[in-house]
Amino acid sequence: QVQLVESGGGLVQVGGSLRLSCAASGRTLSSYGMGWFRQAPGKEREFVAGLSRNGFNTRYADSVKGRFTISRDNAKNTVSLQMNSLKPEDTAVYYCAADSSSTSWYVATVRYQYEYWGQGTQVTVSS
């Protein structure tokens, strides 16, 4: 079983950047497909970005495509989400999640496909 802890959230102005990090313990992240989700107040938790277990495939929500990048550092056992050109609508709690069931090349985009979750980190984009 893997434990996930997110960090890097904070307050940033419109157009700014943040880099979220998800640190894992208990298992290596290369054993999992990884995803980032977010949940804004009063809204459902939504998929943001995902990385396949083999590290070769990524998927992004249309709303963040071209602005966000997901990556994995096997040496540090972390997964990151680089967020650029931030907008007020990016304000949310961001969650890191791990998927142990999908095939190595597949990027899961649905919440129930991920078994393990971090506690979340708040991102606030001010205008």
Side-chain angles (χ1 to χ4, degrees):
Q1 187 168 340
V2 65
Q3 292 79 44
L4 304 172
V5 178
E6 303 93 336
S7 61
L11 175 64
V12 64
Q13 291 187 331
V14 170
S17 298
L18 278 176
R19 186 176 182 87
L20 305 184
S21 184
C22 175
S25 60
R27 294 286 300 274
T28 59
L29 287 183
S30 58
S31 300
Y32 301 89
M34 297 301 299
W36 285 95
F37 287 71
R38 68 186 180 187
Q39 188 166 16
K43 294 189 176 182
E44 295 290 319
R45 192 172 299 187
E46 64 175 0
F47 171 79
V48 174
L51 177 69
S52 61
R53 178 156 43 94
N54 64 13
F56 293 147
N57 298 314
T58 58
R59 291 187 69 176
Y60 296 92
D62 288 343
S63 59
V64 307
K65 207 170 290 184
R67 300 188 297 122
F68 290 12
T69 303
I70 186 172
S71 61
R72 187 175 70 202
D73 187 327
N74 291 334
K76 295 182 179 179
N77 207 28
T78 59
V79 170
S80 296
L81 184 69
Q82 178 66 43
M83 306 187 296
N84 299 328
S85 303
L86 284 161
K87 304 175 181 180
E89 52 264 42
D90 295 318
T91 296
V93 177
Y94 282 72
Y95 298 89
C96 171
D99 163 25
S100 67
S101 303
S102 298
T103 56
S104 62
W105 51 264
Y106 183 76
V107 180
T109 62
V110 180
R111 182 176 175 179
Y112 75 82
Q113 294 174 303
Y114 289 86
E115 298 99 322
Y116 305 105
W117 293 82
Q119 83 290 347
T121 185
Q122 175 70 47
V123 171
T124 303
V125 184
S126 67
S127 55

- Query: Will you find, in the side chains of Thr78 and Asp73, an N or O donor that is under 3.5 Å from an N or O acceptor?
  - Reply: no
- Task: Tell me, with the steps shown, if Ser100 and Glu115 meet side chain to side chain donor-acceptor pair (under 3.5 Å).
- Result: CA-CA 7 Å; Ser100 67; Glu115 298 99 322; 2.7 Å; yes
- So, the side chain of Asn77 versus the backbone of Leu29: is there a donor-acceptor pair under 3.5 Å, distance only? yes
- Message: My understanding is that a hydrophobic cluster links ILVMFWY residues whose side chain heavy atoms are under 4.5 Å apart, including indirect links. Using that, what else belongs to the cluster containing Tyr106?
- Response: Trp105
- side chain to side chain contact (heavy atoms under 4.5 Å, CB included) between Val12 and Thr124: does it pass, once the steps are laid out? CA-CA 6 Å; Val12 64; Thr124 303; over 6 Å; no
- The reported gap from CG in Asp99 to OG in Ser52 (rounded to nearest 0.5 angstrom) is 10.5 Å
- Any disulfide (SG to SG under 2.5 Å) pairs touching residues 76-127, not counting sequence neighbours? Cys22-Cys96
- Sequence neighbours excluded, which residues qualify as ring pair (Phe, Tyr, Trp, His ring centres under 6.0 Å) partners of Phe37? Phe47, Tyr114, Trp117
- Note on the structure: Gln1 meets the side chain to side chain contact (heavy atoms under 4.5 Å, CB included) criterion, sequence neighbours left out, with Gln3, Tyr116
- Lys65: side chain to side chain contact (heavy atoms under 4.5 Å, CB included) partners, not counting sequence neighbours: Tyr60, Asp62
- Please round to the nearest 0.5 Å and tell me the distance separating atom CE of Met83 and atom CZ of Arg67. 9.5 Å
- Item | Shortest non-hydrogen contact between Arg53 and Ser102, atoms and distance | NH2-O, 3.1 Å
- Task: Look at the side-chain heavy atoms of Ile, Leu, Val, Met, Phe, Trp and Tyr, link any pair under 4.5 Å apart, and say whether Leu4 and Val123 land in one connected group.
- Result: yes
- Task: Mind listing the closest non-hydrogen atom pair of Ala40 and Ala92 along with its distance?
- Result: N-CB, 3.8 Å
- In Å and rounded to the nearest 0.5 Å, what is the OG to CZ distance from Ser7 to Arg19? 10.5 Å
- Query: Can you tell which of Leu11, Leu18, Val14 makes a side chain to side chain contact (heavy atoms under 4.5 Å, CB included) with Val125?
  - Reply: Val14
- Partners of Arg38 by salt bridge (Lys or Arg N to Asp or Glu O under 4.0 Å), sequence neighbours excluded? Glu46, Asp90
- Message: Using only atom types and a distance under 3.5 Å, with no angle test, would you say the side chain of Gln39 pairs donor to acceptor with the backbone of Val93?
- Response: no
- Message: Would you say CZ of Arg45 has more than 12 non-hydrogen atoms from neighbouring residues, nucleotides or ligands within 6.0 angstrom?
- Response: yes
- Might you work through the side chain to side chain contact (heavy atoms under 4.5 Å, CB included) test for Gln82 and Phe68, ending with a clear yes or no? CA-CA 5 Å; Gln82 178 66 43; Phe68 290 12; over 6 Å; no
- Message: Walk me through whether Arg72 and Ser30 qualify under side chain to side chain contact (heavy atoms under 4.5 Å, CB included).
- Response: CA-CA 8 Å; Arg72 187 175 70 202; Ser30 58; 4.2 Å; yes
- Reported OH-to-CH2 distance for the pair Tyr95 and Trp36, which is rounded to 0.5 angstrom: 12.0 Å
- Is there a path of hydrophobic side-chain contacts, each under 4.5 Å between heavy atoms of I, L, V, M, F, W or Y residues, that connects Met34 with Val107? no
- Task: Using a cut-off of 6.0 Å, state whether more than 12 heavy atoms not belonging to Glu89 lie near its atom CD.
- Result: yes
- Item | Thr69/Leu81 under side chain to side chain contact (heavy atoms under 4.5 Å, CB included): CA gap, chis, key distance, verdict | CA-CA 6 Å; Thr69 303; Leu81 184 69; over 6 Å; no
